[in-house]
Amino acid sequence: MTEGMALSRSAATEDERQTIPSTMKAAVYRGIDDVRLEEVPVPEIGPGEILVRVHTCGICGTDLKKIATGSHSAPRIFGHETSGVVASVGEGVRKFSVGDRVVVFHHIPCRECYYCRHKTFAQCATYKKVGCTAGFEPSGGGFAEYVRVMDWIVEKGTVRVPENVSFEQACFVEPVNTCIKGIQTLRLEAGETVLVIGQGPIGLILAVLARQSGASVITSDLYPARLTISKSFGLEHTIDASRGNTVQTIREKTDGRGADAVVLAVGGTSLIRPAMDACRPGGRVLLFAQTVRGEATIDPAAVCVDEKTLLGSYSASVELQEESVQFVMNREMDLERLISHRFPLLDSVEALNRAAHPQPDSMKIVIQPGSAWEGHQL
Ligand SMILES: [Zn+2]
Ligand SMILES: [Zn+2]
């Protein structure tokens with residue numbers, strides 16, 4: 001054990017200190033498609049910081065993209081949809097104490113720079129600085145037993161989880177935030193028809209939020225099993241894309257016009273053109289899952305002549321933090337039901353593999369270091 005580690009624990013009482021080991025298991029990204037379960041030091045915390053013992057961390061499409069494309073240097077420990085328990089607090093931390101159940105955002109904008117003043121928070125330099133780490137270059141760190149939460153995240157990006165809310169439900173705060181932001185970008189009006197293409201967990205949350213804003217929602221997916229889940233959330237208008245032509249069906253349902261707004265919640269570029277075709281003249285198309293740079297084919301006249309607007313939305317907004325916390329903690333949607341697979345941390349490599357190669361029955365996949373806890377029930 002290093003001197004620093006001994007120091008970092010000085011804030012905790014004798015009892016608490018004993019419960020935090022010096023090393024832990026973590027899923028370490030070592031290069032493209034190479035994640036290994038390794039033994040790493042438990043991170044040290046400084047003044048104003050907290051150490052969170054991770055219970056549940058959702059696997060996000062962006063984690064998979066980083067692992068598959070090598071967009072970030074190795075080694076790193078990913079995972080940013082993290083809920084858990086405060087295991088120790090650094091000097092001067094007053095907002096939280098050991099034992100608090102929390103969910104943490106991994107980045108928070110400065111709210112002062114040019115981009116923040118123009119409300120494009122995801123472009124802020126401070127926002128891009130990740131404030132949660134389980135070691136190596138800060139990258140979220142949720143795929144580990146413990147995560148160090150830095151001071152500005154403790155202040156502005158750590159949220160208490162009420163007693164009656166599970167860690168599984170709580171870990172959706174960040175994805176829900178990104179979805180609320182996406183739906184707000186569309187500026188839906190009551191009575192508008194929205195097509196949500198893709199009914200994975202994110203597409204489903206987007207569809208529920210669109211309906212909440214008064215729109216009439218139609219969902220589509222290639223997997224009928226997913227549409228069954230959508231229906232169980234009250235989204236009864238579905239298009240089975242494995243059997244019919246989505247563009248044609250949506251036109252038939254809208255007097256030949258197309259949807260007022262289309263949300264593309266499937267990655268890749270092949271559905272951009274159909275998404276635009278399914279949109280009415282003057283309507284809006286939101287690209288929500290196109291996170292890989294490259295080129296795509298669009299019909300320029302669809303934008304110029306038909307006046308269709310192509311929109312994008314990425315990442316969470318600090319201004320929607322409260323709203324997303326309310327949505328999740330008030331259980332406006334039973335988000336736990338979106339979880340199809342739960343893996344203990346020891347099987348995190350398999351979990352990531354599974355998430356990278358979704359099957360018809362895969363929805364949200366989570367890694368749960370907390371499954372090894374004694375008496376864990378939430
Ligand atoms: Zn995410
Ligand atoms: Zn900023």
Side-chain angles (χ1 to χ4, degrees), residues 27 29 54 56-69 71-72 76-84 103-134 138-144 147 150 152-153 155-157 159 167-183 198 200-206 209 265-267 287-292 312-321 324-325 327-328 335 338-339 348 351-352 355-356 358 362-368:
Y29 165 75
V54 181
T56 297
C57 185
I59 298 177
C60 175
T62 59
D63 298 321
L64 302 171
K65 185 201 87 177
K66 289 166 194 163
I67 292 166
T69 63
S71 57
H72 292 56
R76 285 170 189 262
I77 300 170
F78 293 124
H80 58 264
E81 300 173 0
T82 309
S83 59
V103 58
V104 289
F105 281 80
H106 63 311
H107 43 199
I108 287 289
C110 72
R111 305 192 88 157
E112 282 162 12
C113 73
Y114 179 87
Y115 291 114
C116 285
R117 280 185 277 117
H118 290 80
K119 297 194 185 296
T120 43
F121 301 111
Q123 310 304 327
C124 162
T126 304
Y127 185 79
K128 289 181 179 181
K129 209 168 79 183
V130 174
C132 292
T133 182
S139 307
F143 302 150
V147 63
M150 294 176 214
W152 73 97
I153 303 282
E155 275 308 310
K156 298 182 208 149
V159 179
F167 290 114
E168 291 186 352
Q169 174 86 6
C171 79
F172 280 91
V173 167
E174 191 260 359
V176 161
N177 187 314
T178 67
C179 292
I180 294 177
K181 179 179 162 188
I183 292 302
I202 292 294
L204 222 156
I205 296 170
L206 286 162
L209 289 167
V266 179
L287 303 185
F288 198 78
Q290 280 52 49
T291 55
V292 180
S313 180
Y314 181 64
S315 204
S317 165
V318 69
E319 295 202 312
L320 300 173
Q321 196 166 304
S324 57
V325 167
F327 183 89
V328 172
L335 296 156
L338 299 181
I339 301 176
S348 47
L352 289 162
S362 15
M363 292 288 283
K364 186 72 175 180
I365 299 182
V366 298
I367 293 175
Q368 294 193 305

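Order of appearance sets the numbers: ligands from 1, and atoms from 1 within every ligand.
Around the Zn ion (ligand 2), the angle linking C113 (SG) with C110 (SG) is 110°, rounded to 10 degrees.
E174 has its closest N, O or S atom to the Zn ion (ligand 1) at the position named OE1. Take the N/O/S atoms of E81: the one nearest the Zn ion (ligand 1) is OE2.
Using a 4.5 Å heavy-atom cutoff, the side chains of I77 and S139 are not in contact. A 4.5 Å side-chain heavy-atom check between F143 and I59 finds at least one atom pair inside the cut-off. Counting only heavy atoms from C-beta outward, the side chains of Q321 and K156 never approach each other to under 4.5 Å.
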Practice problem: Quick one: do Y29 and F78 satisfy ring pair (Phe, Tyr, Trp, His ring centres under 6.0 Å)? Show the steps, please. | Solution: CA-CA 7 Å; Y29 165 75; F78 293 124; 5.3 Å; yes
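Taking backbone and side chain together, D63 holds no N, O or S atom under 2.8 Å from the Zn ion (ligand 1).
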